[in-house]
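To start, the structure itself, in structure tokens.
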Amino acid sequence: MHKKFDHKTIEKKWQKRWRDEKVYEVANDHKGKKKRYILTEYPYPSGNLHIGHWYAFAVPDILVRAKRMQGEHVMYPVGFDSFGLPAENAAIKNKLDPKKWTYENIDRMTAQLESMGNSYDWSRAVRTSDPDYYRWTQWLFLQLFKNNLAYRGTSMVNWCPLCKTVLANEQVVGGKCERCGSEVEHREMPQWLLRITDYADRLIDDLDALNWPEPIKESQRNWIGRSEGINIDYTIVGSDEVLTCFTTTPVNFGASFIVIAPEHPLTAKLTTKENEETAKTYTEASAKKNEMERTGQKEKTGVFTGSYAINHVTGEHMPIWIADFVLKDVGTGAVQGCPGHDKRDFQFAKKYGISIRRVVVGPDNDTSDIVSEDQVVEKGTQGRMINSGFLDGVDFADAMEKTKDYFESKGWGKRVVRYKLRDWSVGRQRYWGCPIPIVYDPEGLPHAVPDEHLPWLLPEDVDFTPTGEPPLAKSEALKKRTVEIFGEGWTPEVETLDTFVDSSWYFLRYTDPKNTEVFATTEAQGAWMPIDAYFGGAEHTTMHLLYARFVQKVLCDMGLATVPEPFTVRVNRGLVLGPDGNKMSKSKGNVIDPDEQVSRLGADTVKIYLAFMGPYGEVTNYPWDMGGIAGTRRFLERVHGLGAHVHENEPRDVTSLLHRTVDKVTRDIEHFKFNTAISAMMIFINAAEKDGLSEESYKTFLKLLAPFAPHLAEELWETAGESFSIHQATWPLADKSLLTEETATIAVQINGKARGTIEVSADTEEESAMDIAKAHKHIAGYLDGKTITRVVYVPGKILNIIVR
RNA sequence: GCCCGGGUGGCGGAACUGGUAUACGCGUACGACUCAAAAUCGUAUGUCGCAAGGCAUGUGGGUUCGAUUCCCACCCCGGGCACCA
């Protein structure tokens, strides 16, 4: 008889022992072991740990523990991304101190994280809102500032006139402020920006060498959006103004109109008297829309300015229109329309009666006039040029180079490379963030706060109720501090940094978390960087990951970082949904509380359930299944009782299965396929319960289980008389000679349809396989009276007999 | 709209490099144990059919001896789109 599986006692006992003996703390000296740095995106301290946190942190711990047992020196750090808007919103709403709110949440979540039993090195924990941390965020910003990579510019924002604050797109619902319901405006605001676009080429090119899933790399390439084209300068009829259009396609002979953004600097000048009224109305309406509303609408609209530009190659007068699907900050804010080559342009031309000319002939060789949308030959299809003067007959693919040469030689335009990527705006008119360490002199010029005054502390005498002024502008202490240090007339910067700046370097701090002299020495970074696996959410694919790569490159260029790319492997994970298949939310009442599950079924059960749910590293959403987790608990109960099946004579089949299980679990962990690893262990335990297993096999199985059910495995390891700790034991190796079974069951197909199976040894020749098949009563029935015309035999796999 | 991903039993999913589709788990049904229930154990379980057999991996086509897997077109669902993190 064995004791009941008492998960609560076991968890408490071993979590304490692991903590007391600092089992998972690692030094920067690897003592000859291979280093491995495994990282998960650190959490925002939102209040309570939810099941998504478990999925994010407990499942990668399987890999961490397995690698440690495989003899590697593994760092698995944890921390908190503790600056951010939720703290401020909670503060405004409930009149709390955002600092108090944040740190109480951190305490609660730390306790919850510890209940997971992850093999975290807590001694390296960082919190981005700690002055010891953000002094280095400030230092980083100043390095960018001193290297002309941080500058004052402008960017468009959502503005709520009543709340007097900038809103995230998320806070704008149907064009209205989420909080107060006022109509949201779109304003251009002065802004601190980082020159990430200077690094655009390297951010694209360096992707090639990274071992990331190709779709993630592709998303980054598209986000950066490099396109090579030409800026064409157009003369305006009856005006001295020059209008520049960016284009990547060689269709100037078919360009019959120009569209400019409503906010384009020339909009007013190009609009003639009789069109002023309509243009004004249109421009005002478009100011109320956000980018997605402007570019996403199905039917494009526009208004005519009354002005014309002269087409260089045709001499024709092209009407200039204002349309909100053109954005001021994209390209030059003005585009030429070619209705014969672009469906959007075709719809626009048709709607407003603008002329349409075919300039590209597609593979269908249709040279007729274009009268319907499906005749439009779009970019990316093959084709040759027509009605295009010097380009006639040239392959579409070659025509752009010729156009660039021609336009440059005539002085009509010049080659440019443009990016969709914009500079990173980092200033926030918020309180709970890292203060930007800049002060302005009496002339209003920005200066770096000298190093000796870092950390440039966030003042606490602030009323952060939104008034239209950044909260820090209301701090007397900050003003006083500035005047005292820099003199009369000097003023502080009152914006704080985007939290993405905090998170763009935290992984470097983990290598040297206590250093007071530098953010992290190159020795410490050299010991751990680059990160061998970075686990996180798919929503970070383009922003956080790109920002972190950018910062890493900047530091590397300055000789302050050791590698140009921070993350060698990236794994994007999916989402855990409520039992009803919807995203968990309080309003839907479908939230699964992890604490409740852990208390009822145990941390190991929750961990294995999440790992078993589906493959990790695929961005799929999995509904929580109460029955499913009960099944996982049953599995662990059976593991708990497995000791009772240990006896001296282990059948050879069980031995062989164990070695195949070792092999499969080892390989699956490597590929983040924890679900099939668990399934393999279930298959083993099914057989072991039935046929019995040896003491040695039992212990080997416990080692396989250890990364998945760390508490239970540790307990059973002790019960089996082994010494602490199973997590420091050596990972089992599969005996290759036991991996392959002697005979294989192969399928026999008749005309491609499975009709039966035969038992053959792996090295059976086709002829004898055929003999066995013919002797098989059922299969023989299909061959009776037929002529065999062909036989496809793949040893160990299949025998396909084609008959007539 | 643009970019990325995904559609396999009642459910989560499995299937190596193109080779027996549905492993493993859940659920369900029946049986054993029990005064009874729960728990546990056993058996069955894609679908239609008494069976032989047919039909099934979102839909339609193609390549192949053979397609969940490769190619083309389409439909549906999820994520991202720059001040939530």
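These numbers come from the heavy atoms of this one structure, side chains and all, not from hydrogens, waters or symmetry mates. Numbered from 1 within each chain, the chains take letters A, B, ... in sequence-line order.
Remark: A/Glu670 engages A/Lys67 in a side-chain hydrogen bond (donor to acceptor under 3.5 Å, both in side chains) (not counting sequence neighbours). The side-chain hydrogen bond (donor to acceptor under 3.5 Å, both in side chains) check on A/Tyr419 picks up A/Asp201, with sequence neighbours excluded.
A/Arg221 and A/Glu214 are joined by a salt bridge, as a carboxylate oxygen and a charged side-chain nitrogen come within less than 4.0 angstrom of each other. Between A/Lys328 and A/Glu188 there is a salt bridge, with a side-chain nitrogen of the basic residue lying less than 4.0 Å from a carboxylate oxygen of the acidic one.
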Please tabulate, one pair per line, all N/O donor-acceptor pairs under 3.5 Å involving side-chain atoms of residues 48-55 of chain A, not counting sequence neighbours.
| unit_1 | atom_1 | unit_2 | atom_2 | d |
| --- | --- | --- | --- | --- |
| A/Asn48 | OD1 | A/Gln112 | NE2 | 3.1 |
| A/His50 | ND1 | A/Gly52 | N | 3.1 |
| A/His53 | ND1 | A/His50 | N | 3.0 |

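Sorted by first and then second residue, the side chain to side chain donor-acceptor pair (under 3.5 Å) pairs involving residues 675-692 of chain A (not counting sequence neighbours) are A/Arg638-A/Asn686, A/Arg638-A/Glu689, A/Asp668-A/Thr676. Under the ring pair (Phe, Tyr, Trp, His ring centres under 6.0 Å) criterion, the residue pairs touching residues 780-804 of chain A are A/His778-A/Tyr782, with sequence neighbours excluded.
In the set B/rA85, B/rC26, B/rC83, the nucleotide with an atom closest to the side chain of A/Gln429 is B/rC83. Taking only side-chain atoms of A/Pro215, from C-beta outward, the nucleotide of B/rG5, B/rC65, B/rC83 with the closest atom is B/rG5. For A/Pro615, the listed nucleotide lying nearest its side chain is B/rG13; candidates were B/rA85, B/rG25, B/rG13. With distances taken from any side-chain atom of A/Ser425 to the nucleotides B/rC83, B/rG12, B/rA15, the minimum falls on B/rC83.
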For nucleotides 72-74 of chain B, list the nitrogen or oxygen atoms of the protein found under 3.5 Å from its nitrogen or oxygen atoms, one pair per line.
none

Output one line per pair: protein atom, nucleotide atom from nucleotides 55-61 of chain B, and distance, for all N/O pairs under 3.5 Å.
none

Atom pairs under 3.5 Å, N or O on each side, protein against nucleotides 44-51 of chain B: can you list them with distances?
none

Please enumerate all protein N or O atoms sitting under 3.5 Å from an N or O of nucleotides 75-80 of chain B, with distances to 0.1 Å.
| unit_1 | atom_1 | unit_2 | atom_2 | d |
| --- | --- | --- | --- | --- |
| B/rG78 | O2' | A/Asn621 | ND2 | 3.1 |

Polar atom pairs (N or O), protein with nucleotides 37-41 of chain B, under 3.5 Å:
none

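For A/Asn572 and B/rG5, the CG to P distance is 12 Å, given to the nearest whole Å. Note: CD1 (A/Ile224) to P (B/rC4) measures 14 Å, nearest angstrom. Atom C1' of nucleotide B/rG25 and atom CG of A/Leu601 are separated by 15 Å, given to the nearest angstrom. For the pair A/Leu327 CG and B/rC2 P, the interatomic distance rounds to 15 Å; values are reported in whole Å. Atom P of nucleotide B/rC24 and atom CG of A/Asp625 are separated by 18 Å, given to the nearest angstrom. Atoms CZ (A/Phe635) and C1' (B/rC26) sit 15 Å apart, rounded to a whole Å. Rounding to whole angstrom units, CG of residue A/Leu497 and C1' of B/rA85 are separated by 16 Å. The interatomic distance linking A/Tyr616 (OH) with B/rG13 (P) rounds to 15 Å, in whole Å.
Aromatic rings from A/Tyr42 and A/Tyr506 are positioned such that their centres are separated by under 6.0 Å. In summary, the aromatic rings of A/Phe684 and A/Phe701 are positioned with their centroids under 6.0 Å apart. Ring-centre distance between A/Phe83 and A/Tyr134: below the 6.0 Å cut-off.
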Salt bridge (charged side-chain N to carboxylate O under 4.0 Å, His left out) between A/Arg570 and A/Glu41: does it pass, once the steps are laid out? CA-CA 11 Å; A/Arg570 166 73 187 185; A/Glu41 285 164 359; 2.9 Å; yes

Intra- and inter-strand pairing of RNA chain B, written as dot-bracket with Watson-Crick and G-U pairs under 3.5 Å and | for the latter, reads (((((((..(((......[....)))((((((.......))))))(((....)))..(((((..]....))))))))))))....

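With hydrogens and angles left out, the side-chain atoms of A/Trp505 and A/Thr137 include a donor and acceptor closer than 3.5 Å. A donor-acceptor pair shorter than 3.5 Å cannot be found between the side chains of A/Ser425 and A/Trp192. A donor and an acceptor atom, one from each side chain of A/Arg633 and A/His7, are located under 3.5 Å apart. A donor and an acceptor atom, one from each side chain of A/Thr541 and A/Asn572, are located under 3.5 Å apart. A donor-acceptor contact closer than 3.5 angstrom is absent between the side chains of A/Asn590 and A/Trp624.
Between A/Ala323 and A/Val259, the shortest heavy-atom contact is CB-CG1, 3.1 Å. Heavy-atom minimum distance, A/Thr128 versus A/Ser82: OG1-N, 2.8 Å. In terms of heavy atoms, A/Ser286 sits closest to A/Asp324 at CB-CB, 3.5 Å.
Between B/rC65 and A/Arg790, a contact under 4.0 Å exists linking OP1 or OP2 to a side-chain N or O. When the side-chain nitrogen and oxygen atoms of A/Lys673 are compared with OP1 and OP2 of B/rA15, one or more of them lie within a distance under 4.0 Å. When the side-chain nitrogen and oxygen atoms of A/Tyr506 are compared with OP1 and OP2 of B/rA85, none of them lie within a distance under 4.0 Å.
Side-chain contact between A/Phe708 and A/Leu636 is absent, with no heavy-atom pair separated by less than 4.5 Å.
Mapped onto RNA chain B by nearest heavy atom, A/Tyr44 and A/Glu214 fall at different nucleotides, with A/Glu214 at the one closer to the 5' end. Comparing A/Gly628 and A/Met613 by the nucleotide of RNA chain B whose heavy atom lies nearest to each, the residue mapping closer to the 5' end is A/Met613.
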Nucleotide by nucleotide, nucleotides 17-23 of chain B touches protein heavy atoms under 4.0 Å in the pattern (B base, S sugar-phosphate only, - none) --BB--B

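At a threshold of 4.0 angstrom between heavy atoms, the contacts of A/His544 with the nucleic acid are absent.
B/rG58 shows a glycosidic angle more than 90° from 0 and is accordingly assigned anti.
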